[in-house]
Amino acid sequence: MMFKSLGITLLTMASRSRSSRGLSTEYTITCPSMESETLRNEVHKHCDSLDLFLTRKPVSIHSLTAFSELGRQLPSDNAPLILDSGCGTGRSSLRLGELYPESHVIGVDRSIARLSRHIRPDRLVEQVSDNVWLVRAELVDFWRCCRDQQWSFVRHYLLYPNPYPKKVRYKSRWYAHPCFPLLLQLPASEIIVRSNWLQYLEDFRDAVDIAADYNKEFSIFQTSNVERLIPSGQDALTNFEQKYWNAGEATYELVLTAKTADV
Ligand SMILES: C[S@@+](CC[C@H](N)C(=O)[O-])C[C@H]1O[C@@H](n2cnc3c(N)ncnc32)[C@H](O)[C@@H]1O
C-alpha cells in the first residue's frame, strides 16, 4: 500500500520484503527487540502504578512555570493545538506551524542547548512565529499539566525520540517508561511517532495494544501499521530526519488514532 502524508510517500511495512527495508548505515540500530513477555510485564506494571509514579515525582518548578507562562501567552481563540514533544531545535515545530497555519503549535524540549537556536537563555517560553511557541520543560511534567488542565491536541508528534537501544536502558524508552500510560491519557486525536529504528515503533505499537487489552482506561488509541517514509525531494521535518535521509538511512512512522473522535 502507498499513500502520501505531509508530502512524503509512505510504504506499509507488511507489504514490503525484508530486503527492501533499506541498507544499513552508520545510524542503523541492530539491537534485539524486547522479549514480548518483558514488554507485556512492563506495560502492565506501569498501568497499575501510574498514580504512584506521579505521586513520587512532583512536577518540577521550571516545567510548571513554563506551562503557566505558555497558558498566558497562547491566544484564547480555540485554535486547534499541535504538540511537538522533544522538538530539539524547534525546526519541526516551525515547519508544522507553516503546514497547519490554523493551529497553534507547541514545541517542548528540556535541552537549553538545542532550544537556544530560537529561545533566549533566560526564557522558558518563546513565541517564535505567528502560531508557534517553544517551551523548555520536562516532557513528563508538561504532559501531566496538559492532562490535568484538559488541554487536547489534534496532533501529538514524537519525532525521533531517544531510542535507548541498549537493553540496560530500555526502561527509558517512552513505551517502557513508567509515564507511558500518562502519554496515552493526554488527549490527542492522533499521535505520530517517527524513528529510524523500526523495532522501536513496532514495540511502541505493541505497548499501546497491551495497555488497551489490560485496562480499558488506557484503551484510547487505535494502532496501525508502521510505514516507511520515502523522501521525495522535500525538506525533512526535523534535523535528525535530515541527517538520516542524507545518509540513506531508512525512517519509519507510526500513527495512533484516537478511538473516540471527540478529543
Ligand atoms: C533524538 S532528539 C530528536 C530531536 C528532534 N525531534 C529531531 O528529530 O531532530 C530527542 C530530543 O528529545 C529531548 N528529550 C528527551 N527526553 C526528554 C524529556 N524527558 N523532556 C524533554 N525533552 C526531552 C532531547 O532533549 C532531544 O532534543
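Counting starts at 1 for both ligands and their atoms, in listed order. FYI, the numbering just counts along the sequence from 1.
Stacking of Lys167 on the aromatic ring of Tyr170 is not recorded, the 6.0 Å distance cut-off and the 45° axial limit not both being met.
Contacts between Trp174 and ligand 1, counted as non-hydrogen atom pairs separated by less than 4.0 Å, involve the side chain only. Contacts of Ser85 with ligand 1, taken as heavy-atom pairs under 4.0 Å, are absent altogether. Looking at Arg110 against ligand 1, both its backbone and its side chain come within 4.0 Å, counting heavy atoms.
The nearest protein atom to atom 26 (C) of ligand 1, hydrogens excluded, is given as Arg114 NH1, 2.9 Å; this is a heavy-atom distance. From the protein, the heavy atom lying nearest to atom 8 (O) of ligand 1 is Thr238 OG1, 2.7 Å. Nearest non-hydrogen protein atom to atom 10 (C) of ligand 1 is Asn162 OD1, 3.5 Å. From the protein, the heavy atom lying nearest to atom 4 (C) of ligand 1 is Gly86 O, 3.5 Å. Counting protein heavy atoms only, atom 24 (C) of ligand 1 is closest to Asp109 OD1, 3.5 Å.
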Start with the C-alpha distance between Phe142 and Ile106, add both sets of side-chain angles, then the distance that settles side-chain contact (heavy atoms from CB on, under 4.5 Å), and finish with yes or no.
CA-CA 11 Å; Phe142 191 85; Ile106 301 161; 4.0 Å; yes
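Between Ser116 atom OG and Glu126 atom CD the span is 11.5 Å, to the nearest 0.5 Å.
At under 3.5 Å, not a single nitrogen or oxygen of Val108, backbone or side chain, sits near a nitrogen or oxygen of ligand 1. When only interatomic distances are considered, the shortest N/O to N/O separation between Glu241 and ligand 1 does not fall below 3.5 Å. Residue Leu139 has at least one N or O atom closer than 3.5 Å to an N or O atom of ligand 1. For Glu138, a nitrogen or oxygen atom sits less than 3.5 Å from a nitrogen or oxygen atom of ligand 1, counting backbone and side chain alike. The shortest N or O to N or O distance between Cys87 and ligand 1 is not below 3.5 Å.
A salt bridge is absent between Asp206 and Arg40: the closest approach of a Lys/Arg side-chain nitrogen to an acidic carboxylate oxygen does not fall below 4.0 angstrom.
Screening Ile82, Leu186, Val105 against Phe153 for a side chain to side chain contact (heavy atoms under 4.5 Å, CB included) leaves a single residue, Leu186.
Between Tyr164 and Tyr200, the ring centre distance reaches or exceeds 6.0 Å.
If you number the atoms of ligand 1 from 1 as listed, the ones under 4.0 Å from a heavy atom of Tyr160 come out as 1 (C), 2 (S), 3 (C), 8 (O), 10 (C). Atoms of ligand 1 found under 4.0 Å from any heavy atom of Ala137 (numbered from 1 in listed order, with element): 20 (N), 21 (C). Heavy-atom proximity to Ser111, at under 4.0 Å, picks out these atoms of ligand 1: 25 (O).
Judged by distance alone, the side chains of Asp48 and Tyr214 do bring a donor and an acceptor atom under 3.5 Å apart. Side chains of Ser85 and Trp143: a donor on one and an acceptor on the other come within 3.5 Å. For the residue pair His62 and Asp141, no side-chain donor N or O sits within less than 3.5 Å of a side-chain acceptor on the partner.
A donor-acceptor pair under 3.5 Å links the side-chain atoms of Arg173 to the main chain of Pro165, judged by distance alone.
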